[in-house]
Amino acid sequence: GAVFPSTCQRLSPYLAEFVGTYLLTMTFIYNFEVSNPPVWTATSNGFMVMALTYTFGHVSGANMNPSISLALLMAGRQSAGGG
């Protein structure tokens, strides 16, 4: 990393976690509202988790859960900057 990271570099892990959590939540809500067969609901949710992990994993660690991020931060296993 850079000695003095830009604002974009500092905010990118937070933005990645926000977008990932939002998309995952919307996927769950859509699957609940549409009432798909259970096998397709699970498949859809699984593929969304996979896609978000591949997309945002290198940026923020791809926790996609604010409580997990907070727990890792408190345990000292993750820095406040993500990843």
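Along the sequence shown, residues carry numbers from 1.
Remark: F18 CZ to L11 CG distance equals 13.0 Å, nearest 0.5 Å. Annotation: the span from L52 atom CG to L24 atom CG amounts to 6.0 Å, rounded to 0.5 Å. Atom CE of M48 is separated from atom OG1 of T25 by 10.5 Å, given to the nearest 0.5 angstrom. If you take OG1 on T41 and OH on Y30, they are separated by 10.0 Å, rounding to the nearest 0.5 Å. Within the model, atoms CE of M64 and OG1 of T53 stand 5.5 Å from one another, a figure rounded to the nearest 0.5 Å.
Here Y22 pairs with M26 under the side chain to side chain contact (heavy atoms under 4.5 Å, CB included) rule; sequence neighbours left out.
Remark: the backbone N or O of S67 is paired with a side-chain donor or acceptor of N65 at under 3.5 angstrom. Judged purely by atom type and a 3.5 angstrom limit, S44 has no side-chain atom pairing as donor or acceptor with the backbone of W40. In this structure, S12 contributes its side chain and Q9 its backbone to a donor-acceptor pair below 3.5 Å.
Linking Ile, Leu, Val, Met, Phe, Trp and Tyr whenever their side-chain heavy atoms come within less than 4.5 Å puts F47 and Y54 in one cluster. Note: the hydrophobic cluster containing I29 also contains V19 (ILVMFWY, side chain heavy atoms under 4.5 Å, direct or indirect links).
Remark: M74 CE is loosely packed, at most 12 non-hydrogen atoms of other residues, nucleotides or ligands lying under 6.0 Å away.
Nearest heavy atoms, A16 versus S60: CB-OG, 3.9 Å.
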